Protein chains: 2
Amino acid sequence: MRIAASRGLHAASMREVAAEAGVSLRLVQYYFHTKEELLKGVLAHLGRQITERVTRSVAAMGEPMTPRTFLYGALTALIPTDDQSRRIMLAYQAHYTLTLTEPELAAEGLTYANGLLDFVAGHIRQAQEAGEVAADEDPRQAAAITLALVTGLQSSVLAGQYDGRTATELLTSHLDRLMGGPGQQVI
Amino acid sequence: MRIAASRGLHAASMREVAAEAGVSLRLVQYYFHTKEELLKGVLAHLGRQITERVTRSVAAMGEPMTPRTFLYGALTALIPTDDQSRRIMLAYQAHYTLTLTEPELAAEGLTYANGLLDFVAGHIRQAQEAGEVAADEDPRQAAAITLALVTGLQSSVLAGQYDGRTATELLTSHLDRLMGGPGQQVI
DNA sequence: CAGTTTATGATACAGATGTATCACGTAGGA
DNA sequence: TCCTACGTGATACATCTGTATCATAAACTG
């Protein structure tokens with residue numbers, strides 16, 4: 001993960017991984033029999049790291065946990081802010097690009113993405129029922145747009161166009177528009 | 001470009017490129033002395049292809065050319081719809097990910113991205129002055145959000161989550177919200 | 001204690017990769 | 001006609017790659 005984030009995924013050979021981890025090449029072979037397994041392992045690890053970050057961010061929002069605060073917490077957690085999250089997202093981006101040309105992995109990623117879409121759409125619908133989102137919004141469409149925005153912001157931050165704070169503000173601005181501001185209700 | 005789009009950028013060795021193009025390895029070496037130059041050449045070629053697609057799309061919008069129609073034409077052209085644009089964007093995505101860990105290339109891409117941001121922000125400001133965008137919008141912020149959305153939609157289409165048509169509709173929906181619908185004026 | 005798991009070390013090997021070199025042909029312009 | 005540029009072919013070379021195979025030792029587990 002550190003290698004992918006700093007020097008690119010193409011630099012992550014078995015030998016480089018072993019060196020970076022300070023272990024023998026033999027040990028890398030021991031746990032991840034092939035390179036494919038190594039990559040899948042990293043991808044799974046990244047997934048766990050991101051999930052954990054989201055969970056923590058949501059928990060930090062505090063009470064009361066409305067659909068709106070939940071969405072703010074979960075989505076802003078996907079924007080890299082510190083060095084560690086930046087590393088994670090950078091490595092994830094590299095792996096993600098790989099999956100685009102690897103049909104088996106692509107299908108898996110697609111399932112995940114659709115699950116996330118359903119998840120966010122469901123929460124937006126809940127927020128709508130709670131009167132926090134305008135009635136004429138289509139929750140699924142709003143979720144799709146919001147998630148695409150998050151992806152794009154993520155990418156911009158990784159490229160160094162915005163810092164994490166600016167990107168978070170942009171996302172917050174979008175969410176405020178969707179949900180009528182942090183403290184206010186939209187009929 | 002074809003190799004990067006179909007089998008991934010890591011499969012684009014000098015020999016594979018020569019084979020795909022139906023020429024000798026020697027000729028690839030002859031024009032692109034090193035692999036780095038080859039990659040830069042592809043990146044430049046992709047840039048030209050995308051620019052051309054945008055230009056054509058804008059031209060196809062027909063008269064009258066308002067800031068709004070211009071933005072619709074330019075931005076929707078960035079969503080892959082047919083096989084060729086899909087190939088281009090896929091190859092571009094692969095190269096883009098590479099630049100993230102290659103500081104010199106990253107700086108170049110950043111300049112380009114900031115230029116695009118200024119460009120779109122300028123047109124949104126024009127649309128605002130023409131009364132097509134609400135007065136309380138910050139053109140630069142609206143441009144940033146819109147461009148990030150485009151990037152995200154692009155990525156989703158490449159991953160196969162939406163087809164080009166659906167993604168274009170999502171983008172259009174966002175633009176309609178920003179600019180008060182395709183034919184209607186805000187205030 | 002015995003046996004299994006976890007870990008290391010030193011190599012080996014076939015294949016791919018970027019790059020370089022030498023020779024040869026073909027065309028176009030001075 | 002001579003010369004320069006364009007293009008092809010065959011091949012060489014050092015390096016890196018993923019993977020495999022020896023033997024060996026420490027640590028845990030029943």
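Worth saying up front: this structure is predicted, and the values here are computed from it rather than measured. The chains referred to below are lettered A, B, ... by the order of the sequence lines, with proteins before strands, and numbering in each begins at 1.
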Rounded to the Å, how far apart are [X] [atom1] and [N] [atom2]?
X        : N       : atom1 : atom2 : value
Arg26(A) : dA20(D) : CZ    : C1'   : 9 Å
Leu38(A) : dT17(D) : CG    : P     : 13 Å
Leu39(A) : dT17(D) : CG    : C1'   : 14 Å
Lys35(A) : dT19(D) : NZ    : P     : 9 Å
Leu27(A) : dT19(D) : CG    : P     : 16 Å
Met14(A) : dT19(D) : CE    : C1'   : 8 Å
His33(A) : dA20(D) : NE2   : P     : 10 Å
Glu36(A) : dT17(D) : CD    : P     : 18 Å

Nucleotide of [options] approaching [X] most closely (side-chain heavy atoms):
X        : options                   : value
Tyr30(B) : dT19(C), dA10(D), dC6(D)  : dC6(D)
Ser13(B) : dG18(C), dA10(C), dA10(D) : dG18(C)
Arg15(B) : dA20(D), dA12(D), dG9(D)  : dA12(D)
Ser24(A) : dG9(D), dG9(C), dT6(C)    : dG9(C)
Leu25(B) : dC22(C), dT8(C), dT11(D)  : dT11(D)

Donor on one side chain, acceptor on other, [X] and [Y], under 3.5 Å:
X         : Y         : value
Asp176(A) : Ser173(A) : no
Thr111(B) : Asn114(B) : no
Ser24(B)  : Arg15(B)  : no

Criterion salt bridge (charged side-chain N to carboxylate O under 4.0 Å, His left out) on Arg56(B) and Glu52(B), from CA distance to verdict: CA-CA 6 Å; Arg56(B) 263 205 308 270; Glu52(B) 192 191 335; 2.8 Å; yes
His10(A) vs Gln29(A), nearer the 5' end of DNA chain D by closest nucleotide: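 Here His10(A) is the residue nearer the 5' end.
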Single hit among Arg53(A), Arg165(A), Arg87(A) for salt bridge (Lys or Arg N to Asp or Glu O under 4.0 Å) with Asp82(A):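 Output: one option passes, namely Arg53(A).
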